[in-house]
Amino acid sequence: MSTVKESVEVEVPVRTAYNQWTQFEEFPNFMEGVEEVRQLDDRHNHWTTKLGGVRREFDTEIVDQLPDERITWRTTSGDTRQKGMVRFQRVDDTHTRVELVMDVEPSGVMEKTADMLGMVDRRIKGDMRRFKEFIEHRGGESGSWRGRITPG
């Protein structure tokens, strides 16, 4: 399992950055290889990805979510195994540090090779840069979900 950690500072208030991140169906706009995310309910999402010509579908469950602070998730089904957390830290009234930490277990020869070559790490770093561009260019969030989810 590989751990990837990346952070960016975005020029929007913490509430705006957090609200945008809760719009999972918008992820294909800034995440490379993510074709679709369907939100099934408050805790569950279905993902379709395509990386290096390999299509994967999997489900994730949000296990912890605290508005303006963090979202923690894990996969529950499919060929992809991962867990992660995104944290939001207020820098000042108009800037937020967004930190993503993911544990990814590559499946299949293609994914294992990509991981060994550092491609997973580079892709996630690129996704974070694209999130920064997406939210700053947009100037505001496309929606929000302010609910709280606790482990259990």
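Just so you know, these numbers come straight off a predicted model, no measurement behind them. One-based numbering along the sequence shown.
Both V104 and I62 are assigned to one and the same hydrophobic cluster, defined by single-linkage of ILVMFWY side chains at heavy-atom distances under 4.5 Å. Linking Ile, Leu, Val, Met, Phe, Trp and Tyr residues whenever their side-chain heavy atoms come within less than 4.5 Å leaves V4 and M85 in two separate clusters. The hydrophobic cluster containing I149 does not contain V101, counting ILVMFWY residues as joined when their side-chain heavy atoms lie under 4.5 angstrom apart, directly or transitively.
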Note to self: Please determine whether side chain to side chain contact (heavy atoms under 4.5 Å, CB included) holds for the pair S7 and M128, giving the CA-CA distance in whole Å, both sets of side-chain angles, and the decisive distance to 0.1 Å.
What the structure shows: CA-CA 7 Å; S7 63; M128 293 299 284; 5.7 Å; no
Check: Taking it one step at a time, do F27 and D127 satisfy side chain to side chain contact (heavy atoms under 4.5 Å, CB included)?
Finding: CA-CA 9 Å; F27 282 6; D127 290 347; over 6 Å; no
Item checked: Trace of the side chain to side chain contact (heavy atoms under 4.5 Å, CB included) decision for L40 with D59 -> CA-CA 9 Å; L40 305 175; D59 294 315; 4.2 Å; yes
Note to self: One pair to check against salt bridge (Lys or Arg N to Asp or Glu O under 4.0 Å): R146 and D68. What are the steps and the verdict?
What the structure shows: CA-CA 9 Å; R146 305 293 300 171; D68 300 337; 2.8 Å; yes
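Between Q65 and I71, the shortest heavy-atom contact is CG-CG1, 3.8 Å. In terms of heavy-atom proximity, A17 sits nearest to V98 at CB-CG2, 4.3 Å. The shortest non-hydrogen separation linking D79 to R56 is OD2-NH1, 3.3 Å. For the residue pair G147 and P67, the shortest heavy atom distance occurs at O-CG, 3.6 Å. Heavy-atom minimum distance, Y18 versus E69: CD1-N, 4.3 Å. Here the shortest heavy-atom pairing between K132 and E9 reads NZ-O, 2.7 Å.
Looking at R74, M102, E105, E61 one by one, the single match for side-chain contact (heavy atoms from CB on, under 4.5 Å) with K83 turns out to be R74.
T75 and R81 are linked by a side-chain donor-acceptor pair at a separation below 3.5 angstrom, with hydrogens and angles left out of the test. Side chains of E11 and T94: a donor-acceptor N/O pair is absent below 3.5 angstrom, by distance only. Residues W73 and Q82 have side chains that bring a donor and an acceptor to within less than 3.5 angstrom of each other.
Shown here is R87, whose CZ atom has no more than 12 heavy atoms of other residues, nucleotides or ligands within 6.0 Å.
A distance of 10.0 Å separates OG in S144 from CD in Q20, rounded to the nearest 0.5 Å. Note that CZ of R138 is 13.5 Å distant from CD of E136, once rounded to the nearest 0.5 Å. To the nearest 0.5 Å, the span separating NZ on K5 from CG on D121 amounts to 12.5 Å. For the atom pair CZ of F24 and OG1 of T60, the computed distance is 7.5 Å after rounding to the nearest 0.5 Å.
A distance-only check finds a donor-acceptor pair linking the side chain of T96 to the backbone of V14 [under 3.5 Å]. Remark: the backbone N or O of H46 is not paired with any side-chain donor or acceptor of E57 at under 3.5 angstrom.
In summary, the aromatic rings of W21 and F131 are positioned with their centroids under 6.0 Å apart.
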Residues 28-37 side chain polar contacts: donor-acceptor under 3.5 Å, at least two apart:
{"residue": "N29", "atom": "ND2", "partner": "E26", "partner atom": "O", "Å": "3.3"}
{"residue": "N29", "atom": "ND2", "partner": "E26", "partner atom": "OE1", "Å": "2.6"}
{"residue": "E35", "atom": "OE1", "partner": "R55", "partner atom": "NH1", "Å": "3.2"}
{"residue": "E35", "atom": "OE1", "partner": "R55", "partner atom": "NH2", "Å": "3.0"}
{"residue": "E35", "atom": "OE2", "partner": "R55", "partner atom": "NH2", "Å": "3.4"}

